[in-house]
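First the structure, in the form of structure tokens, and then the observations on it.
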Amino acid sequence: MRSKVAVIGAGNVGATCAFQIARHGYADIVLLDIVEGLAEGKALDMAQAAGIADAERHIIGTTDYALTAGSAVAVITSGITRKPGMSRDDLAATNAAIVTQVTREIIRYSPNCIIVVVTNPLDAMVHIALRESGLPRTRVVGQSGVLDSARMRMFIAQELDVAVEDVSALVLGGHGDTMVPVPRLCSVGGVPLQELLPPEKIEAIVQRTIHGGAEIVSLLKTGSAFYSPGVAAAEMVAAIVQDRKRILPCAVYLEGEYGINGIVVGVPVKLGRQGVEQIVELRLTDSEAAALKKSAEAVSSLIQALNARKA
Ligand code: APR
């Protein structure tokens with residue numbers, strides 16, 4: 001049976017994600033935005049490209065959640081991007097309100113869906129979607145590590161002048177300045193990265209990965225990255241609707257795994273038809289584990305700040 005996927009937010013990330021899903025024919029798509037005409041217009045444009053791009057033409061745009069009913073997966077990309085003068089906490093508070101409202105609507109019409117969150121600040125928004133949806137933690141997952149690892153893979157491929165498909169990279173932790181790239185577990189065609197590059201080159205790649213999003217924001221000036229986040233979210237959708245059981249780093253609510261309890265943070269998971277089918281617990285070195293813990297603490301502080309604002 002064909003799956004249905006709702007993509008909420010027809011902005012840069014949502015539209016890119018929807019078109020990637022359409023181009024691969026992963027599912028029928030309902031693209032939804034609060035702005036009248038925006039999702040309808042983009043969906044119509046994408047459907048008209050289908051014949052040329054060999055894509056799925058079953059894509060509709062709407063402002064009406066009733067049309068999302070029965071979705072297997074809902075991708076949340078709705079939100080605002082950071083404006084000049086806006087603090088991280090202001091952004092978090094605005095997007096928290098949007099994600100709260102959107103999650104309630106999604107669940108009303110697709111009570112058994114799997115939610116893939118993309119809106120930033122990512123880990124905190126996964127917390128909110130989890131709380132508002134009432135879904136088990138296996139069905140609410142955030143897109144962070146797929147993108148951060150893809151950035152790291154690209155930087156490694158560029159440095160070594162090799163095909164990016166042969167590069168494997170892993171980034172754990174929160175989707176922000178405290179993320180934890182793990183060079184020890186990166187490889188190229190099976191060869192450990194640490195045998196291919198000197199420590200200073202690896203450290204430069206780690207730093208560029210951590211600041212990968214900011215680098216793009218500083219170039220674009222009025223927006224943030226969207227091709228890679230949109231495609232990364234579509235990859236997670238494919239893993240779910242095609243039951244591919246991919247091992248991907250995703251933001252999930254931990255309950256003791258990695259010694260972290262009650263916090264959403266990025267770790268490798270097995271992603272399939274049931275959502276997070278397994279949390280893969282890697283053995284980390286002391287310094288990697290400490291960095292992951294620090295990253296989880298940063299997520300926890302942001303959630304506390306959000307809760308304090310709400311109270
Ligand atoms: N319901 C539905 N759509 C909404 C709502 C809402 N309550 N509030 C905002 N939107 C829509 C906007 O109308 C807009 O079309 O969300 C869309 C956001 O699109 P962009 O502004 O283009 O932002 P984008 O670059 O897509 O980023 C979206 O993803 O990667 C993250 O940090 C990024 O949090 C941001 C999100």
Side-chain angles (χ1 to χ4, degrees), residues 6-21 30-43 45-46 60-68 71 74-84 86-109 115-129 132 141-148 150-151 174-177 179 211-237 250-251 266 302 306:
V7 179
I8 314 300
N12 282 335
V13 175
T16 304
C17 175
F19 198 45
Q20 178 76 355
I21 295 169
V30 179
L31 183 62
L32 184 147
D33 202 281
I34 200 168
V35 175
E36 202 68 49
L38 182 68
E40 292 91 322
K42 289 195 180 179
D45 192 10
M46 287 181 209
I60 56 168
T62 186
T63 54
D64 180 2
Y65 281 89
L67 297 185
T68 67
S71 293
V75 184
I76 302 182
T77 76
S78 46
I80 57 162
T81 48
R82 204 158 147 192
K83 308 271 179 323
M86 185 180 253
S87 77
R88 210 174 267 263
D89 287 355
D90 288 339
L91 173 80
T94 304
N95 282 351
I98 293 173
V99 171
T100 298
Q101 178 250 327
V102 162
T103 304
R104 288 180 187 162
E105 293 289 342
I106 290 169
I107 285 300
R108 220 170 120 201
Y109 293 98
I115 297 181
V116 175
V117 182
V118 188
T119 303
N120 278 314
L122 190 273
D123 308 273
M125 296 304 111
V126 176
H127 265 269
I128 289 168
E132 294 302 324
V141 62
Q143 189 294 115
S144 51
V146 177
L147 166 61
D148 298 323
R151 285 183 171 144
H175 189 48
D177 299 345
M179 74 177 70
H211 303 293
E215 183 178 358
I216 291 175
V217 168
S218 72
L219 290 165
L220 294 179
K221 298 189 179 64
T222 57
S224 48
F226 56 95
Y227 291 112
S228 49
V231 168
E235 194 71 358
M236 291 170 67
V237 168
C250 299
L302 181 55
L306 272 173

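Counting starts at 1 for both ligands and their atoms, following the listed order.
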Legend entry - Closest non-hydrogen atom pair, Ala232 against Leu147: CB-N, 4.0 Å

Legend entry - Ligand-side contact atoms (ligand 1) for residue partner Leu38, heavy atom cut-off under 4.0 Å: 15 (O)

Legend entry - ligand 1 versus Thr77: contacting region, heavy-atom distance under 4.0 Å: backbone

Inset, instruction - Pull out every atom of ligand 1 sitting under 4.0 Å from any heavy atom of Val118, numbered as shown with elements. - result: 29 (O), 30 (O), 31 (C)

Inset, instruction - Report yes if Thr81 has an N/O atom closer than 3.5 Å to an N/O atom of ligand 1; otherwise report no. - result: no

Legend entry - Heteroatom proximity flag, Asn120 to ligand 1, N/O under 3.5 Å: yes

Legend entry - Heavy-atom nearest neighbour in the protein, as seen from atom 22 (O) of ligand 1, with distance rounded to 0.1 Å: Asn12 N, 2.9 Å

Inset, instruction - Starting from atom 21 (O) of ligand 1, find the nearest protein heavy-atom neighbour and note its residue, name and distance. - result: Gly79 O, 4.3 Å

Inset, instruction - Go through the side-chain N and O atoms of His175 and Asp148 and say whether any donor and acceptor fall under 3.5 Å apart. - result: yes

Inset, instruction - State whether the side chain of Asn12 and the backbone N or O of Ala225 hold a donor-acceptor pair below 3.5 Å, judged by distance alone. - result: no

Legend entry - Closest to atom 7 (N) of ligand 1 among Gln101, Lys42, Glu36 (heavy-atom distance): Gln101

Legend entry - Minimum heavy-atom distance between Gly174 and Met179, given as atom pair plus value: O-CB, 3.1 Å

Inset, instruction - Give me the one residue out of Ile115, Val116, Ile128 that meets side chain to side chain contact (heavy atoms under 4.5 Å, CB included) with Ile76. - result: Ile115

Inset, instruction - Locate the shortest heavy-atom distance separating Ala15 from Ala10; write the atom from each residue and the value. - result: CB-O, 4.1 Å

Legend entry - Which residue and heavy atom of the protein sit nearest atom 15 (O) of ligand 1, plus the separation: Asp33 OD2, 2.6 Å

Inset, instruction - Could you list the atoms of ligand 1 found under 4.0 angstrom from a heavy atom of Val35? - result: 13 (O)

Legend entry - Ala39 backbone acceptor or donor facing Asp33 side chain under 3.5 Å: no

Legend entry - Reported OG1-to-CD distance for the pair Thr62 and Glu36, which is rounded to 0.5 angstrom: 8.5 Å

Legend entry - Ile98/Thr119 under side chain to side chain contact (heavy atoms under 4.5 Å, CB included): CA gap, chis, key distance, verdict: CA-CA 9 Å; Ile98 293 173; Thr119 303; over 6 Å; no

Inset, instruction - Do me a favour and list the nearest non-hydrogen protein atom to atom 4 (C) of ligand 1 with residue, atom name and distance? - result: Ser78 CB, 3.4 Å

Legend entry - Interfacing atoms of ligand 1 (cut-off 4.0 Å, heavy-atom, Thr119): 34 (O)

Inset, instruction - Look only at interatomic distance and state if Val13 has a nitrogen or oxygen under 3.5 Å from any nitrogen or oxygen of ligand 1. - result: yes

Inset, instruction - Could you walk me through whether Glu40 and Thr63 pass side chain to side chain contact (heavy atoms under 4.5 Å, CB included), step by step? - result: CA-CA 8 Å; Glu40 292 91 322; Thr63 54; 4.2 Å; yes

Inset, instruction - Show your working on side chain to side chain contact (heavy atoms under 4.5 Å, CB included) between Val102 and Tyr65 and close with a plain yes or no. - result: CA-CA 9 Å; Val102 162; Tyr65 281 89; 3.5 Å; yes

Inset, instruction - For ligand 1, note which part of Ile98 has a heavy atom under 4.0 Å away: side chain, backbone, both or neither. - result: side chain

Inset, instruction - Give the residue and atom name of whichever protein heavy atom lies nearest to atom 19 (O) of ligand 1, and the separation in Å to one decimal. - result: Gly11 CA, 3.2 Å

Inset, instruction - Under 4.0 Å from a heavy atom of Val102: give me the atoms of ligand 1 that qualify, with their elements. - result: 1 (N)

Inset, instruction - Counting heavy atoms only, name the option from Ile34, Val217, Ile80 that's nearest to atom 1 (N) of ligand 1. - result: Ile34

